[in-house]
Amino acid sequence: LDKRINKFTNFCIRILNKKSHPKYKNIPVYYRLLRGLEELSDFYKYLLFHYIRKEIKISEEYIELLKEINECLKMFYKAYYKPKDEDIEHLLIKTLEMYKKISLYYDKGKENILIAYLFYINDKIRSLLSSIVELNILND
């Protein structure tokens, strides 16, 4: 699946290069967004690889953190397609809360490598959110 995502990302970037975009000022933001989404998928891939390779027993608490991170990703999706200031602000607050939750769980010393990937995923969602904000500013 990762190869397909990479291939699709590269295809989208190629289209931007070849065909451009009606709103040419947005092109750099779309590049960052595409590369960021591809990196996000890589973090999920690495998380899965470590889980499978190490056969780590995952706690319910970790699964709840993973569900919350996935919920943040769904919120990001919604904010991209229907950007509202309150949704973006809510997601910024939620990702900040996730930093704290992940850090507390990390301090317990459980599944640290897997927890690190949750931190990276949360961080990437948060940084990608700035692309949505930038697109909204450019399109106003």
Side-chain angles (χ1 to χ4, degrees):
L1 191 59
D2 183 56
K3 286 182 183 177
R4 287 185 200 167
I5 291 170
N6 293 344
K7 192 174 182 178
F8 183 69
T9 302
N10 291 334
F11 172 75
C12 290
I13 288 173
R14 184 174 167 85
I15 293 294
L16 281 174
N17 281 333
K18 292 270 188 190
K19 306 281 184 186
S20 189
H21 190 274
K23 296 178 181 174
Y24 64 91
K25 292 186 291 186
N26 294 356
I27 291 175
V29 181
Y30 286 128
Y31 280 129
R32 278 196 311 277
L33 196 56
L34 286 165
R35 284 294 169 217
L37 289 170
E38 194 275 325
E39 289 171 5
L40 185 65
S41 73
D42 285 342
F43 292 136
Y44 275 100
K45 174 185 73 173
Y46 300 142
L47 187 149
L48 181 63
F49 282 163
H50 274 87
Y51 170 70
I52 290 172
R53 212 170 4 146
K54 303 287 184 180
E55 296 181 7
I56 299 170
K57 185 174 180 346
I58 293 181
S59 68
E60 284 297 318
E61 193 175 359
Y62 180 86
I63 291 174
E64 287 304 314
L65 286 173
L66 183 58
K67 285 179 182 177
E68 286 187 65
I69 290 287
N70 289 338
E71 191 59 39
C72 288
L73 190 56
K74 288 177 187 174
M75 291 167 67
F76 172 81
Y77 176 88
K78 180 182 174 189
Y80 177 79
Y81 284 104
K82 294 181 182 177
K84 295 179 187 169
D85 289 344
E86 58 272 6
D87 290 343
I88 292 170
E89 186 176 341
H90 183 264
L91 183 54
L92 280 170
I93 292 167
K94 179 68 176 167
T95 54
L96 189 59
E97 289 171 3
M98 288 306 299
Y99 279 135
K100 294 173 186 172
K101 285 183 177 183
I102 292 167
S103 295
L104 287 173
Y105 191 79
Y106 183 81
D107 290 342
K108 293 179 182 178
K110 298 179 179 179
E111 303 137 348
N112 282 347
I113 189 74
L114 297 181
I115 283 295
Y117 288 118
L118 289 186
F119 183 82
Y120 296 143
I121 290 167
N122 188 64
D123 191 54
K124 185 51 71 174
I125 291 170
R126 193 170 171 85
S127 68
L128 285 172
L129 205 49
S130 65
S131 296
I132 293 174
V133 171
E134 193 173 346
L135 284 172
N136 287 339
I137 291 169
L138 289 172
N139 292 329
D140 283 344

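The shown structure was predicted, so the numbers you read here are calculated from the model rather than taken from an experiment.
Residues forming a side chain to side chain contact (heavy atoms under 4.5 Å, CB included) with Leu96 (at least two apart in sequence, or on another chain): Tyr99, Arg126. For Phe43, the ring-ring contact (aromatic ring centres under 6.0 Å, His included) partners at least two apart in sequence or on another chain are Tyr120. Residues meeting the side chain to side chain contact (heavy atoms under 4.5 Å, CB included) test with Asn17, sequence neighbours left out: Ile13, Tyr31. Listed by chain and number, the residues in a side chain to side chain contact (heavy atoms under 4.5 Å, CB included) with Lys78 are Asp87 (sequence neighbours excluded). Every residue meeting the salt bridge (Lys or Arg N to Asp or Glu O under 4.0 Å) condition with Glu64, not counting sequence neighbours, appears here in chain and number order: Lys67. In this structure Lys25 satisfies the salt bridge (Lys or Arg N to Asp or Glu O under 4.0 Å) test with no other residue, sequence neighbours excluded. With sequence neighbours excluded, the residues forming a side chain to side chain contact (heavy atoms under 4.5 Å, CB included) with Asn6 are Asp2, Glu38, Asp42, listed by chain and number. Residues satisfying the ring-ring contact (aromatic ring centres under 6.0 Å, His included) criterion with Tyr46, sequence neighbours excluded, are absent altogether. Not a single salt bridge (Lys or Arg N to Asp or Glu O under 4.0 Å) links Lys3 to another residue, sequence neighbours left out. Judged as a salt bridge (Lys or Arg N to Asp or Glu O under 4.0 Å), and not counting sequence neighbours, Arg35 has no contacts.
Atom OH of Tyr51 has 12 or fewer heavy atoms from other residues, nucleotides or ligands within 6.0 Å. Heavy atoms of other residues, nucleotides or ligands lying less than 6.0 angstrom from CD of Glu86 number more than 12.
Between Lys94 and Cys72, the shortest heavy-atom contact is CG-SG, 3.4 Å. Of all non-hydrogen atoms in Asn122 and Thr95, the two that sit nearest each other are ND2-O, 3.0 Å. Between Val29 and Ser131 the shortest heavy-atom distance is CG1-O, 3.5 Å.
Pairs of residues two or more places apart, or lying in two chains, that qualify as ring pair (Phe, Tyr, Trp, His ring centres under 6.0 Å) and include a residue from residues 79-98 are Tyr77-Tyr81. Sorted by first then second residue, the salt bridge (Lys or Arg N to Asp or Glu O under 4.0 Å) pairs that include residues 12-21, not counting sequence neighbours, number zero.
Looking only at side-chain heavy atoms (C-beta outward), Leu37 and Thr9 stay at 4.5 Å or farther from each other.
Interatomic distance, CD of Glu61 versus OH of Tyr105, reported as 5.5 Å (0.5 Å rounding). From Lys7, atom NZ reaches atom SG of Cys12 across 13.0 Å, with rounding to the nearest 0.5 Å. Note: Ser59 OG to Leu65 CG = 8.0 Å, rounded to the nearest 0.5 Å. Atom CZ of Phe76 is separated from atom CD1 of Ile125 by 8.0 Å, given to the nearest 0.5 angstrom. Considering CG of Asn10 and CD1 of Ile5, their distance stands at 12.0 Å, rounded to 0.5 Å. To the nearest 0.5 angstrom, Lys84 atom NZ is 13.5 Å from Ile132 atom CD1.
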Quiz item: Please walk me through it: do Asn70 and Ile121 pass side chain to side chain contact (heavy atoms under 4.5 Å, CB included)?
Solution: CA-CA 9 Å; Asn70 289 338; Ile121 290 167; 6.0 Å; no

Exercise. Report the C-alpha distance between Glu97 and Lys100 in whole Å, list the side-chain angles of each, state the deciding distance to 0.1 Å, and finish with yes or no for side chain to side chain contact (heavy atoms under 4.5 Å, CB included).
Key: CA-CA 5 Å; Glu97 289 171 3; Lys100 294 173 186 172; 5.7 Å; no

Practice problem: Give the C-alpha distance, both sets of side-chain angles, the deciding distance and a yes or no for side chain to side chain contact (heavy atoms under 4.5 Å, CB included) between Ile58 and Leu66. | Solution: CA-CA 11 Å; Ile58 293 181; Leu66 183 58; over 6 Å; no

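Looking at Arg32 and Glu134, a side-chain N of the basic residue comes within less than 4.0 Å of a carboxylate O on the acidic one, giving a salt bridge.
Hydrophobic clustering (side-chain heavy atoms under 4.5 Å, transitive across Ile, Leu, Val, Met, Phe, Trp, Tyr) keeps Ile63 apart from Leu104. Under the 4.5 Å side-chain heavy-atom criterion for Ile, Leu, Val, Met, Phe, Trp and Tyr, Ile15 and Leu135 are members of distinct hydrophobic clusters. In this structure, Tyr44 is not a member of the same hydrophobic cluster as Phe8, with clusters built from ILVMFWY side-chain heavy atoms closer than 4.5 Å. Cluster annotation: Leu91 and Ile93 are assigned to distinct hydrophobic clusters (Ile/Leu/Val/Met/Phe/Trp/Tyr, side-chain heavy-atom contacts under 4.5 Å, transitive).
Of the possible donor and acceptor atoms, one in the side chain of Tyr62 sits under 3.5 Å from a partner among the backbone N and O of Leu114.
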